[in-house]
Novice: 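Shown below is the structure under consideration.
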There are 2 protein chains.
Amino acid sequence: MKKINFIPLYLQVKNDILSRILAGEWPPHTFLPNEFVLAEQYGVSQGTLRKGLEELTLEKYIVRAQGKGTIVAPIDETSSIFPFYLLYDKNNTRIFPSTETLKTELLSPPVHIAEKLRIKPTDSVMFAERIRILNGKTMLNEALYLSPSPFPPDTLKNLKTLPNTVYAFYLKEFGIRISHAIEQMIAVMPDESDIQRLNVKPNEPLLMVCRISYDVNKIPVEYRISKINSQEYAYKFKIN
Amino acid sequence: MKKINFIPLYLQVKNDILSRILAGEWPPHTFLPNEFVLAEQYGVSQGTLRKGLEELTLEKYIVRAQGKGTIVAPIDETSSIFPFYLLYDKNNTRIFPSTETLKTELLSPPVHIAEKLRIKPTDSVMFAERIRILNGKTMLNEALYLSPSPFPPDTLKNLKTLPNTVYAFYLKEFGIRISHAIEQMIAVMPDESDIQRLNVKPNEPLLMVCRISYDVNKIPVEYRISKINSQEYAYKFKIN
DNA sequence: AAGTGGTCTAGACCACATT
DNA sequence: ATGTGGTCTAGACCACTTA
């Protein structure tokens, strides 16, 4: 007889602590109770609790410091649990542009995008065109397709617009955490919309980044195409 | 009094096991002795030994399977300890091109590259031009600058050539493991050498990838510029 | 049934930051 | 001096694979 539903204690503890953090019981920058108190609360040993906290540390939800305590990490688009901001200026400092949404609509996606989101081409996705702005200059021209499947039914229908920081929004509103993404980089020549919005010349090549974002269950959440003037801004990556 | 040289037992154990793996005592695909035997050998408890093995698992040197045992992972360029191969063909399967070195020489690097390698512009680096070939087609045009600093003195002087799989070579010959890298992606128009070697038209943009590779001590080892026809081949990345 | 890694405990002691 | 997280132990039991 195979037990199919065995969940280790430390994972149950970990998930419960995580849900309490996300629910706001311990806001960012506050301290969690110490190991012994938490272990007592959950009725487990210090070692078991610690193993749960270690995983939360690896996943960047908390930061532990010997002698001090366990601190809840901030959750926003630029924090380490969303390592998806990869833009740098010429001084090599990370930049966080603001976003302007030009258009949103519900539509049936192109076939190749439906495939990537693993949905039927007849399903409707939320489509958005956005530009990203820094110091008054448009630096990024973006199109975004939001899959219906990870969200509760009719969510997209009722979404009239998207906030600037979408990943934090998915997490806070729907508990959907973007845990990883696959990006493909392509060099392209600008189209009409790029030339206008990014203020580039027709013969200046752009970096096009196509990103599929996945939640913790490996369900595709979003497909995003970004075009950047890579002479002006650096798109950088750390591999390890 | 501050102990500055405190090294946890589990790290000592881990490093010793790793050095034994790299020395070839346990070749790839073979089983390590089980936890209790190893713990006994090192004179530590099962828990301490396990913590060392857990880190080696995270770093992909070994693979552990419940009920089976602990297996040594293969070490070559394409294995998971070198996650630096990011090329895919149109069928979305990873490709591993072969390499042809066109030229190597010792020279003083350009200032901006010396900066990135954190060496003096008067230091001499090994410079190589290489192309990478798949199915008879050149798909990648590459320049490579190898820093002298992580290597023993005069190593570069005596290196007449570079093998195809340089990262595995650094590890095997000098114990230098490339642990992470920073990549910057730029869209460029092809130069004369690109047009010839990659067989592209002058108006077809290329993806240029500039990579700085670091060893475990965060010392820059290599600076590499690769140019790819990104219409033909996909350059992909996983973020998490 | 035997052997492996995975989980869990209860308790001790160490290193570090703060008071 | 106190309280925190970090290391370490010795032993028990569980889940999984293979024979």
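Quick caveat, the model's predicted, so the values are computed rather than measured. Chain letters run A, B, ... following the sequence lines, proteins first and then strands; every chain starts at 1. All values below were derived from every heavy atom in this structure, side-chain atoms included, with hydrogens, water molecules and symmetry-related copies excluded.
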Novice: Distance check needed: dT17(D) C1' versus N34(B) CG, whole Å only.
Specialist: 14 Å

Novice: Does dG5(D) have OP1 or OP2 sitting under 4.0 Å from an N or O in the side chain of T70(A)?
Specialist: yes

Novice: Taking the nucleotide of DNA chain C with the nearest heavy atom to each, does G67(A) or V44(A) sit closer to the 5' end?
Specialist: V44(A)

Novice: Quick check on dT4(D): is either OP1 or OP2 less than 4.0 Å from any side-chain nitrogen or oxygen of R64(A)?
Specialist: no

Novice: For I7(B) and dT7(D), what is the distance between atoms CD1 and P respectively, to the nearest whole Å?
Specialist: 13 Å

Novice: Is it true that, when you exclude K68(B) itself, more than 12 heavy atoms of the residues, nucleotides or ligands shown sit nearer than 6.0 Å to its NZ?
Specialist: no

Novice: Rounded to the nearest Å, what distance is computed from the CG atom of residue L38(B) to the P atom of nucleotide dT4(C)?
Specialist: 11 Å

Novice: Closer than 4.0 Å, any side-chain N/O of S45(A) to the OP1 or OP2 of dG11(C)?
Specialist: no

Novice: Is there a donor-acceptor pair under 3.5 Å between the side chain of D154(A) and the backbone N or O of K157(A)?
Specialist: no

Novice: Between atom CG in L9(B) and atom C1' in dA15(C), what is the gap in whole Å?
Specialist: 15 Å

Novice: Can you tell me if R50(A) touches the phosphate of dG5(D), counting only side-chain N or O atoms and a distance under 4.0 Å to OP1 or OP2?
Specialist: no

Novice: Any side-chain N or O of T48(A) under 4.0 Å from OP1/OP2 of dT7(C)?
Specialist: no

Novice: Between atom CZ in F36(B) and atom P in dG11(D), what is the gap in whole Å?
Specialist: 11 Å

Novice: Give the rounded distance in Å between these two atoms: CD of E35(B) and C1' of dC16(D).
Specialist: 14 Å

Novice: Has K51(A) got a side-chain N or O lying under 4.0 Å from the OP1 or OP2 atom of dT7(C)?
Specialist: yes

Novice: Can a side-chain donor-acceptor contact be found between E183(B) and Y235(B) if the only test is distance below 3.5 angstrom?
Specialist: yes

Novice: Is K68(B) close enough to dT18(D) that one of its side-chain N or O atoms is under 4.0 Å from OP1 or OP2 there?
Specialist: yes

Novice: Would you call R64(B)-E35(B) a salt bridge at under 4.0 Å N-O?
Specialist: yes

Novice: Using whole Å, what does the distance between atom P of nucleotide dG6(D) and atom CG of L53(A) come to?
Specialist: 9 Å

Novice: Can you list the residues that meet the salt bridge (Lys or Arg N to Asp or Glu O under 4.0 Å) rule with K14(B), with sequence neighbours excluded?
Specialist: E55(B), E59(B)

Novice: How many whole angstroms separate atom CD of Q46(A) from atom P of dG5(D)?
Specialist: 9 Å

